[in-house]
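Residue numbers begin at 1 in each chain, while the letters A, B, ... track the order of the sequences.
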There are 2 protein chains.
Amino acid sequence: MSFEYTPPKYAQLIAELERRIESGEYPPGSPLPSEHQLMAEFGMARPTVVKALGVLRDHGWIVTHQGKGRFVRGRPAIASTQQVRTGRELLDRKEVQVSSRLLTTGPAEAPNRIASYLGITPKSSVVLRKTLVTRDDEASEVSSTWVPADVAEGTALADSADLKQGVRRYVEAAAGVELDHIIEHVTARNPTPEERDLLDVKASAALLAVYAVACDATGKPWIVVETVLPGDRHELEDAYPIR
Amino acid sequence: MSFEYTPPKYAQLIAELERRIESGEYPPGSPLPSEHQLMAEFGMARPTVVKALGVLRDHGWIVTHQGKGRFVRGRPAIASTQQVRTGRELLDRKEVQVSSRLLTTGPAEAPNRIASYLGITPKSSVVLRKTLVTRDDEASEVSSTWVPADVAEGTALADSADLKQGVRRYVEAAAGVELDHIIEHVTARNPTPEERDLLDVKASAALLAVYAVACDATGKPWIVVETVLPGDRHELEDAYPIR
DNA sequence: TCGGTTAGCTTGACTGACCAAGCTGCCTCT
DNA sequence: AGAGGCAGCTTGGTCAGTCAAGCTAACCGA
């Protein structure tokens, strides 16, 4: 018997058309072959061709005009700017893989801002993990993770050893939830005395403060990660469609 | 004859299932009726039912497990947190509708950072429009718009009258392009002397600087809008899925 | 009791066919 | 020559049916 995997026909058509668009064979603005032409060339039934073309339209590769045809828009520029979102990177970062120094770990009281993001009352019990991340032998950012105490209980989150997996995995496993989306809050502020020493910046320096709130599909928050970055060394980038 | 519009069957099924999920009739985690049950209840063929369910899956309402069924995730939380992206708001903002004061308008040389974003050589000719926006009688932000001189030529962008439409419209009309997506860069810095006076902040204040670069579908940049906000009065928010 | 087989459920992929609706250019009739 | 209509292209939506693949539970034999 054979374990070869052949992708579905419609997926093969998608891949082939994306290739032709990227190679310039179908330049932006030009019409795609009609459904019947594609049926003949690839030996597929119309619903199969239509399904592939629908995916390409949803992904922004082409536009369709009923009665006229389908036209190339080009490779979706937004997909090519490899999206590395700050918040997600923080949640999945493994401490053992980045050069970081563990500063604080264990129970704490939730500050106002964090409690607000977590939907709990201020000064509730939480577990705090604070690390200093260095890049190229230079202090780069201070990262703090807050998780409600009842969630963190029994996990390695309160241990003083570097985490082997991202925070997200621990919480998903402990609470039995699937984290679904992240809400990011970004603001600017001056450093606290502690941050001033750790990051080796002046008291008047402008810092970027990023708060990433990880929520499940119902919108319930589970984790807050705060990252503080010196503005003169860091820049956040984000791309999104206008429509 | 009749001009009544009846939505396609699959769209009706989508709307009905979304309604049932929102009303709690199909709570999160519960299984949806199987394809055959939906076929029977709504009198549709299977491909029609499957098409509707595929859209719901793509939009994040449900998850599907081959062999087990389809399960409710709930109203996509990410869609309900009404996304008001800073960059898009800046591009479509009508100066006549916000309380703003025009500071500078006319030809200028492109600073390094702006030239880099626009993909032109530094000190190239651009048209600059700088405004001070006030909210609740308090200086709120300084917003600067840069457009290459050859694009802005002949438009109202260089005039000293408030724009009646968003910058985006003027550029799309003048250049005959359709702007497709925005790339945002966010950083933190201290104010320039001019910004210090305008925003009435201390020289050591931490400001959020947001650069929104508007590009067409091919990725070519057309407009850069810089907005400078005092960090203690502003916070940017952004939501996105984890996967 | 345990373990493997199987029947019956689910979704995934695909086919060939049909009709409707929108667009374009030709062709005929005036 | 001009106006109208029609033919032939395009995409949009729907149907009844087939086969494959994944999951579950009941069943049956060792």
Side-chain angles (χ1 to χ4, degrees), chain A residues 1-18 20-21 26-73 178 217, chain B residues 1-18 20-21 26-74 243:
Chain A
M1 63 186 139
S2 158
F3 289 96
E4 289 169 27
Y5 169 69
T6 50
K9 281 188 167 186
Y10 77 94
Q12 295 178 30
L13 179 54
I14 291 173
E16 173 61 18
L17 291 178
E18 287 182 354
R20 291 187 185 177
I21 293 174
Y26 295 158
S30 69
L32 239 58
S34 76
E35 295 175 358
H36 275 92
Q37 289 172 322
L38 292 173
M39 287 168 64
E41 179 179 354
F42 292 91
M44 300 174 184
R46 198 167 83 96
T48 308
V49 171
V50 169
K51 177 166 185 174
L53 294 170
V55 173
L56 287 175
R57 185 199 53 222
D58 290 346
H59 288 9
W61 289 80
I62 59 175
V63 291
T64 76
H65 297 293
Q66 188 179 357
K68 295 179 72 177
R70 296 180 157 89
F71 300 87
V72 178
R73 281 185 61 189
E178 191 181 350
Chain B
M1 60 186 144
S2 158
F3 289 97
E4 289 168 28
Y5 169 69
T6 50
K9 282 188 168 187
Y10 78 93
Q12 295 178 29
L13 179 52
I14 291 172
E16 174 60 18
L17 291 179
E18 286 182 354
R20 291 187 185 178
I21 292 174
Y26 296 158
S30 68
L32 240 58
S34 76
E35 296 175 357
H36 275 93
Q37 289 172 322
L38 292 173
M39 287 168 64
E41 179 179 353
F42 292 92
M44 300 173 183
R46 197 162 84 99
T48 308
V49 170
V50 168
K51 178 165 184 174
L53 294 170
V55 173
L56 288 175
R57 185 199 53 220
D58 289 346
H59 287 8
W61 289 81
I62 60 176
V63 291
T64 76
H65 297 294
Q66 189 179 355
K68 295 180 68 178
R70 296 181 156 91
F71 299 86
V72 176
R73 284 184 57 191
R243 262 157 310 291

Q: List for me each residue that meets salt bridge (Lys or Arg N to Asp or Glu O under 4.0 Å) alongside A:Glu41, sequence neighbours excluded, and say none if there are none.
A: A:Arg20
Q. What residues, two or more places apart in sequence or in another chain, satisfy side-chain contact (heavy atoms from CB on, under 4.5 Å) together with A:Pro8?
A. A:Tyr5, A:Tyr10, A:Ala11
Q: At the 4.0 Å heavy-atom cut-off to chain A, mark where contacts on DNA chain D begin and end, going 5' to 3'.
A: D:dT10 to D:dG13
Q. At their closest point, which heavy atom of A:Pro27 faces which heavy atom of A:Val72, and how far apart are they?
A. O-CB, 3.5 Å
Q. Which residue pairs pass the ring-ring contact (aromatic ring centres under 6.0 Å, His included) test when at least one of the two sits in residues 26-50 of chain B, sequence neighbours left out?
A. none
Q | Sub-4.0 Å heavy-atom contacts from residues 8-16 of chain A onto DNA chain D, ordered by number | A | none
Q.
Do B:Leu17 and B:Ile62 have side chains that approach each other closer than 4.5 Å (heavy atoms only, starting at C-beta)?
A. no
Q: Could you list the residues that satisfy side-chain contact (heavy atoms from CB on, under 4.5 Å) with A:Gln37, not counting sequence neighbours?
A: A:Pro33, A:Ser34
Q: Please round to the nearest 0.5 Å and tell me the distance separating atom OG1 of A:Thr64 and atom CG of A:Leu53.
A: 9.0 Å
Q. Should B:Arg70 be listed as having a side-chain N or O under 4.0 Å from OP1 or OP2 of C:dC9?
A. no
**Q.** Five-pair end axes of the helix from C:dT1-D:dA30 to C:dT30-D:dA1 and the angle they enclose, rounded to 10°
**A.** 20°
Q: Could you go through the side-chain contact (heavy atoms from CB on, under 4.5 Å) check for B:Glu18 and B:Leu56 one step at a time?
A: CA-CA 8 Å; B:Glu18 286 182 354; B:Leu56 288 175; 3.6 Å; yes
Q. If every non-hydrogen atom of A:Arg73 is compared with every non-hydrogen atom of A:Pro28, which pair is closest and at what distance?
A. O-CB, 4.1 Å
Pairs: protein N or O with nucleotides 20-24 of chain C N or O, under 3.5 Å:
{"residue": "C:dA21", "atom": "N3", "partner": "A:Gln66", "partner atom": "NE2", "Å": "3.3"}
{"residue": "C:dG22", "atom": "N2", "partner": "A:Gly67", "partner atom": "O", "Å": "3.0"}

Q) Quick one: side-chain hydrogen bond (donor to acceptor under 3.5 Å, both in side chains) pairs with a partner in residues 44-60 of chain B, sequence neighbours left out? A) B:Glu35-B:Arg46
**Q.** Positions of residues 26-36 of chain A (non-hydrogen atom under 4.0 Å from DNA chain D), listed by number
**A.** A:Ser34, A:Glu35
(Q) Tell me which residues in residues 40-58 of chain A lie within less than 4.0 Å of DNA chain D, going by non-hydrogen atoms. (A) A:Arg46
Q: Could you tell me which non-hydrogen atom of B:Gly74 sits nearest to which non-hydrogen atom of B:Ile21, and how far apart they are?
A: CA-CG2, 4.0 Å
